**Q** 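This is the structure I have questions about; it appears just below.
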Amino acid sequence: MKALLVVDVQNDFLPGGALAVPDGDAVVPVINRLMPAYDLVVATQDWHPAEHRSFASRHVGQSPGDVIDLAGVQQILWPDHCIQHSGGASFAAGLDVAEFDHVIRKGEDEFIDSYSGFYDNDHRRATGLEDYLRERDVDEVVVCGLAADYCVKFTALDALRLGFRTTVLSDATRAVNLKDGDFEAALDEIRAAGGTVTTS
Ligand code: VGL
Ligand code: ZN
């Protein structure tokens, strides 16, 4: 059984959003076209409390892009984004959410970030995504959404680590690209870990 994982296609990651991914809105029609072809579609939703410690605004003298140690984990600081129940945390307006079979919310713990749809960044707490997939005999996942260099990458790497056959669709994702080349570097990491990168 194969599942499509639609990662964080939320307003704050679209152009004009708080943590805008360049060209992020381009993934919406691609994903809308893909979803009906999958028996199982699971979306993830970045869902932070307003005081989340990944927000630069929570740290005196720090700016977005700075890196700090957060409970023993290296943490890039971000603009405030995807605050629970805000419009920015909502799925993209044009996204066909009726195609979702299930939604996994992540990043709810104030003290630890969660890029991957499977685990918090310290791999201590699972989100329930793995159990959800295994209960449905999923052995293969196809990953798309935002952003390629963070949540898509870490979701794919955890899927590989958990033994799922894993494909990332490069035309159905876009990168933040804090540094030039982060998109290609993310795809290289996924390939090196045993994943497939292809287009839809
Ligand atoms: C993401 C940074 C912070 C993502 C989420 O969805 O890729 N990136 N929170
Ligand atoms: Zn976040």
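In what follows, every heavy atom counts, from backbone to side chain, and hydrogens, waters and symmetry copies are set aside. Please read these numbers as outputs of a predicted model, since none were measured by experiment. In listed order, ligands and their atoms are each counted from 1.
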**Q** Nearest 0.5 Å please: distance from the CD atom of Glu108 over to the SG atom of Cys82.
**A**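 Reported to 0.5 Å precision, the distance equals 12.0 Å.
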
**Q** Please write down residue, atom name and distance for the protein heavy atom closest to atom 8 (N) of ligand 1.
**A**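 Minimum-distance protein heavy atom for atom 8 (N) of ligand 1 reads Tyr150 CB, 3.8 Å.
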
**Q** Is it true that, when you exclude Arg125 itself, more than 12 heavy atoms of the residues, nucleotides or ligands shown sit nearer than 6.0 Å to its CZ?
**A**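 No, not enclosed.
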
**Q** What is the OD2(Asp46)-the Zn ion (ligand 2)-NE2(His81) angle, to the nearest 10 degrees?
**A**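 It is 100°, given to the nearest 10°.
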
**Q** Could you tell me whether Arg134 atom CZ has more than 12 heavy atoms of other residues or ligands within 6.0 Å of it?
**A**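 Yes - once you tally the heavy atoms of other residues, nucleotides and ligands closer than 6.0 Å, there are more than 12.
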
**Q** Does atom CG of Asp180 have more than 12 heavy-atom neighbours, drawn from other residues, nucleotides or ligands, at distances under 6.0 Å?
**A**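 At most 12 heavy atoms, drawn from other residues, nucleotides or ligands, come within 6.0 Å of this atom.
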
**Q** Please find out if less than 6.0 Å separates the ring center of Phe55 from that of His81.
**A**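 Centroid distance Phe55-His81: below 6.0 Å, so yes.
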
**Q** Under 2.8 Å from the Zn ion (ligand 2), is there any N, O or S atom belonging to Asp8?
**A**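 False for Asp8.
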
**Q** Nearest protein heavy-atom contact for atom 6 (O) of ligand 1: which residue, which atom, what distance?
**A**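 Closest protein heavy atom to atom 6 (O) of ligand 1: Asp8 OD2, 2.7 Å.
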
**Q** Go through ligand 1 atom by atom and flag the ones less than 4.0 Å from a non-hydrogen atom of Cys151.
**A**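 Ligand 1 atoms under the 4.0 Å threshold to Cys151: 1 (C), 4 (C), 5 (C), 6 (O), 7 (O).
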
**Q** Between Asp46 and ligand 1, does any nitrogen or oxygen pair lie at a separation below 3.5 Å?
**A**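 Between Asp46 and ligand 1 (N or O atoms, distance only) the closest approach is under 3.5 Å.
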
**Q** Walk me through whether His102 and Arg136 qualify under side chain to side chain contact (heavy atoms under 4.5 Å, CB included).
**A** CA-CA 12 Å; His102 189 58; Arg136 284 154 188 82; over 6 Å; no

**Q** Ignoring hydrogens, what is the shortest heavy-atom contact between His52 and Arg58? Give both atom names and the distance.
**A**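 The pair with the smallest heavy-atom distance is O-CG, 3.2 Å.
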
**Q** Does any N or O atom in Ala147 lie less than 3.5 angstrom from one in ligand 1, N or O only?
**A**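 So ligand 1 has an N or O lying under 3.5 Å from an N or O of Ala147.
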
**Q** Just let me know how Leu146 lines up against ligand 1, side chain, backbone, both or neither, with a heavy-atom cut-off below 4.0 Å.
**A**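 For Leu146, the contact with ligand 1 is made by the backbone alone.
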
**Q** Do side-chain atoms of Ser114 reach the backbone of Tyr119 as a donor and acceptor pair under 3.5 angstrom?
**A**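 Confirmed, Ser114 side chain pairs with Tyr119 backbone.
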
**Q** Work out whether the distance between some heavy atom of His81 and some atom of ligand 1 is less than 4.0 Å.
**A**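 Checking ligand 1 against His81, which is what was asked, there is a heavy-atom contact under 4.0 Å.
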
**Q** Would you say the Zn ion (ligand 2) has His48 as a near neighbour, meaning an N/O/S atom of that residue under 2.8 Å away?
**A**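 Yes.
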
**Q** Return yes when at least one N/O/S atom of Cys82 is nearer than 2.8 Å to the Zn ion (ligand 2), and no when none is.
**A**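 Here the distance criterion (N, O or S atom, under 2.8 Å) is not met by Cys82, so no.
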
**Q** When you measure from atom 2 (C) of ligand 1 to every protein heavy atom, which one gives the shortest distance, and what is it?
**A**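 Here the closest protein heavy atom is Trp78 CE2, 3.4 Å.
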
